[in-house]
Amino acid sequence: MPETILRTEGLSKKFGQRWAVKDVNLEVNKGDIFGFLGPNGAGKSTTIRMILTLLTPTSGSVRIFGKDVRRDRHEVLSRVCGIVEKPDFYIYLSAYRNLEVLGNLSRKIAKDEIVSALEIVGLASRANDKVKTFSHGMKQRLGIAQAILTKPDLVIMDEPTSGLDPQGMKEVRDLVLTLSRDHGTTIFLSSHLLTEVHSVANRMAVLNHGELIVQGKVSDLLKGDSSYYSINVSPQDRAVEILKAQPWIEIVSVANEIDIHIDSGRAAEVNRLLVVNDIEVSSFTAKRTLEDYFLKITEGASDL
Amino acid sequence: MTLIGIETFKTFRRWRTYLGFLAVLGAVILLEVIVKLNLAHFSQAYARGLSNEFVVSGNIINAWAIAAFTLNSLYIHVPFLITLVAGDMVSAEAASGTLRLLLIRPPSRSRIIVAKYSAMMIYTGLLIIFLAALCIGLGLLLFGTGDLIRFQVMPPQMVILPQSIAVPRTLLAFLFAILAMSVVGSLAFLFSTMVDNSIGPIIGAMAIVIVFTIVGTLPFESLEAIRPYLFTTYMDIWQLPLDNPVNWLEVLKYALALIGHDALFFGAAFFIFVRKDIKS
């Protein structure tokens, strides 16, 4: 049995008459890169804020390392690093001073440790520059340097790539993987970007309208009853005509490949149909991305 | 670095913190240089209040007289400089997002708020000490020393404090000034825990100081009943050690009233902060 690092039980938060989060039960295991998915406004940030004690839950509890996060706050948060939404730092202090101040809130930090953390995230040359001169991406990297510096067992990141360009997103993703691989850190990563979670997470949970819809291994959840396929055929125009003529086949898109949606178990029938009509089928691939899955279970949330 | 050390370090790494010191530096130099350049005229004006019953001859303006005169700036000017920093202690971090960063670290909220309050008190103390050092130091340089001659308000009379007494009494007056200003700081600090912007606490605290001061000085009998409940009634505690004789019972009463207000404002700030939901 894997060791559970983070567990929420019946976690709920009500603002006025509205439930922002309702009865959320999460389980994050040691070593996980846990993707916490949901459309904007699903309640991800509220959940994270409750986990990190920024918000008081209306009901329910949060246990990290087996301890109640509110009752054993010091002990628990000494082993946790959180990056909540924007990577905000003291803009009037240098990167070095920020890490010194924030690191010392957890434990005594040596100068070498700060320099080393800045080197890992590629900010060593900017150590003495004030954070107000940093780009958004540099601040995100500084946030990760903070995580490296305090050597936490659990890093909780809320939308870490939000507002970054593709290069910045890749850098952050790589740093997340570095934290997990090289430092053995458990990562709890919230995002509304499906590709981000898909590319790094091994387990995930999906939240929608404040309620937990599903959680489990990414591979298990995506295995399911695949009904989307990509077909590489020649000649493509003729194949499209044949497929279109069948009312039980939905053509999703036509580009280099033809993407179709069919009922489960009819893939062989499609393949046979193409072959008997002298269409050369060079590939026939089951396709179920996290995006398909996510859209299905959140009933097509519009802001994805 | 301790938590108080971290908060003090952060406070003194912001340029806004030095505005108060710069303002005090400019104001005191300006005041003392102007007095020096117009010494005869200023001496005459200063003596006018005393000369109804006495003939005043010679120079009565010295470092101690200048210090006593400068202390009057504690009514409005210095409180404003205190609120500039105190009103910013929590709200600025809430506005910039660093409060989130702080509150997800291991130290408890109660320790953080105590550290922030301590840093605010350190700033208040240092600002008044700076004011004292500057106006006495420059006063000694420009006007020399001597007995302190001043007009006492209650009961109205002229007071002559020999130099040997004037020195410790002036220092005590500045010490009490720190206590008086700490209440203004505590009030702004309380407001700072309530909102996510810095302007509100500064304006709010200053508005209360000004309104309470006006209410406290208006000569209406109907206002007499509420005056004991206004903290501004006790803020001129710094004047009491310069009286002769000193009414120590009154000093104690004023000091306890100010400490009580400090405790009340900080207690409210503590209560709000430890229960606050951080939504921004």
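Note on naming: letters A, B, ... go to the chains in the order of the sequence lines (proteins, then strands), and numbering restarts at 1 for each one. What you are looking at is a predicted structure, and each value in this text was computed from that prediction instead of being measured.
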To the nearest 0.5 Å, how far apart are [atom1] in [X] and [atom2] in [Y]?
X: A/F89; Y: B/T98; atom1: CZ; atom2: OG1; answer: 10.5 Å
X: B/R100; Y: A/I48; atom1: CZ; atom2: CD1; answer: 11.5 Å
X: A/I83; Y: B/L101; atom1: CD1; atom2: CG; answer: 9.0 Å

Over all heavy atoms of both residues, which pair between [X] and [Y] is shortest? Give the atoms and the distance, please.
X: A/F15; Y: B/K279; answer: CE2-CE, 3.7 Å
X: B/L102; Y: A/Y90; answer: CD1-OH, 3.8 Å
X: B/L103; Y: A/R73; answer: O-NH2, 2.7 Å

Side chains of [X] and [Y] in contact at under 4.5 Å (non-hydrogen atoms):
X: A/D88; Y: B/S96; result: no
X: A/T53; Y: B/I278; result: no
X: A/L54; Y: B/I104; result: yes
X: B/R105; Y: A/T150; result: yes
X: B/F9; Y: A/N104; result: no

Need one label for [X]: side chain, backbone, both or neither, based on atoms under 4.5 Å from any heavy atom in chain B.
X: A/E75; result: neither
X: A/K13; result: side chain
X: A/V76; result: neither
X: A/L93; result: side chain

Working for side-chain contact (heavy atoms from CB on, under 4.5 Å), residues B/R275 and A/T56: CA-CA 8 Å; B/R275 283 164 179 75; A/T56 306; over 6 Å; no
Proximity of residues 11-20 of chain B to chain A, residues having a non-hydrogen atom under 4.5 angstrom: B/R13, B/R14
Interface moiety of B/K276 toward chain A, non-hydrogen atoms closer than 4.5 Å: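 Only the backbone of B/K276 comes within 4.5 Å of chain A.
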Pair B/D277 + A/R49: basic N to acidic O under 4.0 Å: no
Atom OH of A/Y92: over 12 foreign heavy atoms under 6.0 Å: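 Atom OH in A/Y92 is packed in, count exceeds 12.
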